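Below is one structure, written out as structure tokens, with a few remarks after it.
All values reported here derive from a predicted model rather than from experimental measurement. Proteins get letters first, then strands, A, B, ... in listed order; numbering begins at 1 in each.
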There are 2 protein chains.
Amino acid sequence: MRPDDLPEIRHLPLFQGMALENFEALMEKSYAQNFPAGLELIRQGDPADFLHVVLEGSVELYASWAGRECTMAVVRPVSTFILAACIKDAPYLMAARTLGRSRLILVPSADLRQIFRRDPEFAVSVIDELAACYRTMVRNAKSLKLRNSRERVASYLLRQSRLAGDVASYMLPVEKRLLASYLGMTPENLSRTLRTLESAGVKVDGMRVIITDRAKLNALVQPDLLIDGPDPEAISAGIGLPMINAASYRR
Amino acid sequence: MRPDDLPEIRHLPLFQGMALENFEALMEKSYAQNFPAGLELIRQGDPADFLHVVLEGSVELYASWAGRECTMAVVRPVSTFILAACIKDAPYLMAARTLGRSRLILVPSADLRQIFRRDPEFAVSVIDELAACYRTMVRNAKSLKLRNSRERVASYLLRQSRLAGDVASYMLPVEKRLLASYLGMTPENLSRTLRTLESAGVKVDGMRVIITDRAKLNALVQPDLLIDGPDPEAISAGIGLPMINAASYRR
DNA sequence: CCTCCTGATTGATAAATATCAATCATAGAA
DNA sequence: TTCTATGATTGATATTTATCAATCAGGAGG
């Protein structure tokens, strides 16, 4: 592990409250590692031996069944993922693979489980993190069940704009085919949907998104606090598709 | 609150580990109440003032947006719901209404938050519960994204049979229109789908489900541990549609 | 610079799902 | 019991979404 990794991890909401002594003990047992792009880090169903922390790069969480596959989330620095499986000592429900070259820290889940039983502050942080993850997942399910694909696309584009500071233009943080899978649709359908949204106040040219008529887009999306946020709790949850600016994840 | 309510609540995984003293203090601040059928207990967006515990009857958790509505879960005795909102002191993401006459206990979330900071055993229970809720939600989202409606119906029917002890016949625990909403489809579509499933090894006559060819149904469903369980962790989570036999929730 | 590869787009079509309207069935109320 | 209201079912149709096939576009590597 590099010396400058530690402060960054310590800064994570999950780790900043715990006793320094416990933090150091935990990091003692952990190790950092670099991975190439496209590497499968975790397979569905594997035992949850390590909590993962993304320091650099990005990681896709995905699920598969009967030969089908779908993207559940993308995790960007600095966030953790699959905390729940580690806590319960249960098999991972999702698989994970690097999207680009990535640097991760692996924290043995056995040590993790020991420490939150001894360190009440850490327990509180775990509670906060899990509650945030849960609520993010509920928002997600609501979006899937209450909105059709066009509405999901439109709300995604508008939300990303808000997360970047209500900018009128920004770059998509992921490939379109991944975005399509995350939104629960096919790439072809996303492509066509983006075209029809041009008359609804947003234009996508390659990776660039341009909000051409925010009022109109707003009227279509009907953004909902209880689906789209603002969602301060999810920022530390490492769930959902990343924001444009990784820095805003830090706080 | 009735005297015989307390042991039952104390028996819940969430409350059985905590110091008796803290449990009693918490119950001191709580109160039980009876509600008629169809009463809206919680509205989306309301501040999370109370953790709810279902003692008798059943409660539907649902979500709405843009005039649409969908069922997210049904909670049966004895389980809690909306723990995450209480923990985070954040607005409820889902609404709740009684399905039949119901008896609930309302635990003030302010007291709840105070106590898990002082009682490490309770904190651990909260962690377990939240992790279970999260994982249940992930399974749910996987089912929605990876399966079509026919597959969701078939897997639901097979899973209920397993939960009731691999019985060949059982009664649906909820109305079909609610089941349809839970599974993310229209009642009409559920009706038609049930008809087509008769050739796939399961027959539904009114509320009665009869597995006529388990092997065939299994082949269609391809039950997956990581979607359908067995899911010991969800039993205490009060998420998902109820099992046939409420008693099996207790442990 | 070109070539190749992957992802994006487009069009044509098929399949899945929803909607609308009309019964049908049933349980509870009078 | 009969009436009534609600949920379930069915058929016809419309809409949404996926699939298949064929380009198209742009970046990485030679």
> Considering heavy-atom distances to DNA chain D, does B/Arg177 or B/Arg192 have its closest nucleotide positioned more toward the 5' end?
Replying inline: B/Arg177
>> From CG of B/Asp205 over to C1' of C/dA25, roughly how many Å is that when rounded to an integer?
In response: 12 Å
> Between C/dA16 and B/Asn148, is there an OP1 or OP2 to side-chain N/O distance shorter than 4.0 Å?
Replying inline: no
>> Using a strict threshold of under 4.0 Å (side-chain N to carboxylate O), is an ion pair present between A/Asp224 and A/Lys142?
In response: no
>> I need the CG-P distance between B/Leu178 and D/dA8, as an integer number of Å.
In response: 9 Å
> Does a salt bridge link A/Glu69 with B/Lys145, judged by any charged N lying under 4.0 Å from a carboxylate O?
Replying inline: no
>> Could you tell me how far apart B/Lys176 (NZ) and C/dA27 (P) are, to the nearest whole angstrom?
In response: 12 Å
> Please give, in whole Å, the distance from C/dA25 P to B/Glu175 CD?
Replying inline: 19 Å
>> Rounded to whole Å, how long is the line connecting atom CG of B/Leu190 with atom P of C/dA18?
In response: 11 Å
>> Using OP1 and OP2 only, check whether a side-chain N or O of A/Thr186 sits under 4.0 Å from D/dT17.
In response: no
>> In this structure, how many angstroms lie between the P atom of D/dT17 and the CG atom of A/Leu194, rounded?
In response: 14 Å
>> Quick check on D/dA8: is either OP1 or OP2 less than 4.0 Å from any side-chain nitrogen or oxygen of B/Ser191?
In response: no
> Hey, what's the ring geometry for B/Tyr156 with B/Tyr182, parallel, tilted or perpendicular (30° and 60° as the breaks)?
Replying inline: perpendicular
>> Against the six-membered ring of A/Tyr62, is A/Arg97 placed for a cation-pi contact (under 6.0 Å from the centre, within 45° of the normal)?
In response: yes
>> Please determine whether a side-chain nitrogen or oxygen atom of B/Asn189 lies at a distance below 4.0 Å from atom OP1 or OP2 of C/dT17.
In response: no
>> Can you measure A/Leu197 atom CG to D/dT16 atom P for me and round it to whole angstrom units?
In response: 13 Å
> Roughly, in whole Å, what's the span from CG in A/Leu144 to P in C/dT17?
Replying inline: 14 Å
> If each of A/Arg147 and A/Glu188 is mapped to the nucleotide of DNA chain D with the nearest heavy atom, which maps nearer the 5' terminus, i.e. the 5' end?
Replying inline: A/Arg147
> What is the ring orientation for A/His52 with A/Tyr92, classed by angle as parallel under 30°, tilted 30 to 60°, or perpendicular over 60°?
Replying inline: perpendicular
